[in-house]
Enquirer: 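Take a look at the following structure, please.
Atoms within each ligand, like the ligands themselves, are counted from 1 in listed order.
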Amino acid sequence: ESKSSTSNNPNHNTIEILQKMLDYYTRTSDHWRTYAYRRAISTLRQQSIPILTSSQALSLPNIGVRLADKIQEIATTSRLQKLDYVTNQSSTDPVDRATQLFLGIYGVGLPTAQGWTSLGFRTLTDLLQNPEKARLTPNQKLGIERYSDLNTRIPRREVSALANWVVGVGKRVDPSVKIIVGGSYRRGAKSSGDVDFIVTKEGTREGDGKLVMFLEELLARLEGEGGMGCALASLRGNVDGKRGTNKQRWKGSNSGTDGSKWHGCLVLPEHIANTISPPPEQSAVATPSDGRTSRGYNPVFRRVDFLLVPSAQLGAALLYFTGNDIFNRSMRLLASKKGMRLNQRGLYKGALRGPGPGRENIAEGEPVEGRDERRIFEVLGVGWREPEDRWC
Ligand code: DCP
Ligand code: MG
Ligand code: MN
């Protein structure tokens, strides 16, 4: 049983508020604070008693003075003033506020956001009305039009429904293909930022194109089944702000295995969406202006990733794609301490590293294990960690 993801965690409220601060620092690319918050949250998740005072917090690993004070503030007031300050549009500087707004657009980083504010744009409408001047990419346009969808975390039961749908359609395309949900869902999260699908099939090899063909067919069918004929508005492998065409859709932002990763959006078909929960607004009078159907179905765009994995690499891919990223970093560090190298394709030994600043690998080394996730832990000499216990 994991303490990490349940709502009856004694520090649930504190974690939730710190998580919002973390989201803010992630959006503003404040790497140092992002790291500090992640470590503190991870520590809190492992506590079995409520942490109420700053001295109590300070005695725990990876929590410094300032974070300890914040924990006490949350425990005593159920709020964090700093969070109110940064999120409730409390900045009175319109440029600051616009920058924050633009950073919330999916795939937009600080340079782009600042570029727009320096051109005088302040609202999402400003951008949509000046697509040329703002040099909006198709993905940015989608990110603006679906701003709130793509900034809303997906409840676990909806991830399950989405996964069942995708797995079911996948079975009809090719029953021998396996689709596994990784990411935060596999770690047991109550909500996820996106849905991470790992797609594999026995006997597939890197670059043989079989899984690419499968995914093309799968996406076409999902698109056909989805709500309102706009089921799939894909970001076409294009999360880094590069201009994209359909031709580029297989070039994932992750270099290495070309064409192994696909980023996109999916919309649940109406009849499945209706089974998840009684949608609150739908009984109300629907406004057909914003793309709802006459019956009031309001399609929600959800982020999904597909990772195509040759069968010999499944274990390493599961490990990588389950995360979280801090846990991955510690596993890679462990591998390198043992003279090995771990990446999403496998565990290697005897890897040769170049002398340059990035110390890129000259040779990948000899593969030790890739297929079996448990074996990778074994070879690294560490005990197996259930996905639910990989929050750091
Ligand atoms: N990953 C990583 N390093 C990165 C990005 C991702 O190691 N820079 C790995 C670990 C993540 C996994 O890929 O757990 C999936 O990436 P996501 O961004 O989808 O993150 P999660 O699924 O963990 O969280 P979320 O609920 O926000 O999607
Ligand atoms: Mg994810
Ligand atoms: Mn993802």
Enquirer: Side chains of Y25 and Y37, heavy atoms from C-beta outward: is any pair under 4.5 Å?
Expert: yes
Enquirer: For the metal site, I want the angle between atom OD2 of D305 and atom OD2 of D194 with the Mn ion (ligand 3) at the apex, to 10°.
Expert: 90°
Enquirer: If we only count N/O pairs under 3.5 Å, is R187 in contact with ligand 1?
Expert: yes
Enquirer: Would you check if the Mg ion (ligand 2) lies under 2.8 Å from any N, O or S atom of D305?
Expert: no
Enquirer: Could you tell me whether the side chain of V300 reaches within less than 4.5 Å of the side chain of I154, counting heavy atoms only?
Expert: no
Enquirer: Under 3.5 Å between some N or O of ligand 1 and some N or O of S191?
Expert: no
Enquirer: Relative to the Mg ion (ligand 2), which of the N, O or S atoms in D194 is the closest?
Expert: OD1
Enquirer: Should the pair E373-R186 be classified as a salt bridge under the 4.0 Å nitrogen-to-oxygen rule?
Expert: yes
Enquirer: Find all atoms of ligand 1 within a distance of less than 4.0 Å from any non-hydrogen atom belonging to D325, and give their numbers and elements.
Expert: 2 (C), 3 (N), 7 (O), 10 (C)
Enquirer: Below 3.5 Å, N or O to N or O, backbone or side chain included: is there any such pair between N324 and ligand 1?
Expert: no
Enquirer: Taking only non-hydrogen atoms of T322, do any sit less than 4.0 angstrom from ligand 1?
Expert: yes
Enquirer: Taking the side chain as everything from C-beta on, heavy atoms only, tell me whether I272 gets closer than 4.5 Å to E225.
Expert: no
Enquirer: Do me a favour and list the nearest non-hydrogen protein atom to atom 21 (P) of ligand 1 with residue, atom name and distance?
Expert: S184 N, 3.7 Å
Enquirer: Purely on distance, is any nitrogen or oxygen of D194 under 3.5 Å from one on ligand 1?
Expert: yes
Enquirer: What's the separation between atom CG in D84 and atom NZ in K20, rounded to the nearest 0.5 Å?
Expert: 10.0 Å
Enquirer: Step by step, would you call S176 with D174 a side-chain hydrogen bond (donor to acceptor under 3.5 Å, both in side chains)?
Expert: CA-CA 5 Å; S176 66; D174 182 345; 2.7 Å; yes
Enquirer: Do you know which N/O/S atom name in D196 is closest to the Mn ion (ligand 3)?
Expert: OD1
Enquirer: Mark whether atom 25 (P) of ligand 1 lies under 4.0 angstrom from at least one protein heavy atom.
Expert: yes
Enquirer: Can you tell me which N/O/S atom of D196 has the shortest distance to the Mg ion (ligand 2)?
Expert: OD2
Enquirer: Identify, for atom 17 (P) of ligand 1, the protein heavy atom at the shortest distance, and state residue, atom and that distance.
Expert: D196 OD2, 4.1 Å
Enquirer: Please compare F321, Y320, Y185 and report which has the shortest non-hydrogen distance to atom 6 (C) of ligand 1.
Expert: Y320
Enquirer: Taking the six-membered ring of W384 as reference, does the NZ or CZ atom of R390 fall below 6.0 Å from its centre and within a 45° cone about the axis?
Expert: yes
Enquirer: N328 heavy atoms, cut-off 4.0 Å: which ligand 1 atoms fall inside?
Expert: 2 (C), 7 (O), 9 (C), 10 (C)
Enquirer: Tell me whether atom 28 (O) of ligand 1 lies less than 4.0 Å from at least one protein heavy-atom position.
Expert: yes
Enquirer: Which value, rounded to the nearest 0.5 Å, describes the distance between K201 atom NZ and K178 atom NZ?
Expert: 13.5 Å
Enquirer: Are M331 and F377 side-chain neighbours, meaning at least one heavy-atom pair lies under 4.5 Å?
Expert: yes
Enquirer: Under 30°, 30 to 60°, or over 60°: which ring-plane class applies to F306 and F197, parallel, tilted or perpendicular?
Expert: parallel
Enquirer: So for R153, does at least one of its heavy atoms come nearer than 4.0 angstrom to any atom of ligand 1?
Expert: yes
Enquirer: Report yes or no: do L266 and V173 belong to one cluster of Ile/Leu/Val/Met/Phe/Trp/Tyr joined by side chain heavy-atom distances under 4.5 Å?
Expert: yes
Enquirer: Which heavy atom in R122 sits nearest to a heavy atom in F102, and how many Å separate them?
Expert: C-CZ, 3.8 Å
Enquirer: Checking contacts now, so for atom 8 (N) of ligand 1, which I'm interested in, is there any protein heavy atom under 4.0 Å?
Expert: no
Enquirer: Of the protein's non-hydrogen atoms, which lies at the shortest distance from atom 11 (C) of ligand 1, and what is that distance?
Expert: G323 CA, 4.0 Å
Enquirer: Does R156 make a cation-pi contact with Y185, if we ask for NZ or CZ under 6.0 Å from the ring centre and within 45° of the axis?
Expert: yes
Enquirer: Within a distance under 4.0 Å of any heavy atom of S192, pick out the atoms of ligand 1 and give their elements.
Expert: 26 (O)
Enquirer: Going by the order shown, which atoms of ligand 1 are within less than 4.0 Å of some heavy atom of G183?
Expert: 22 (O)
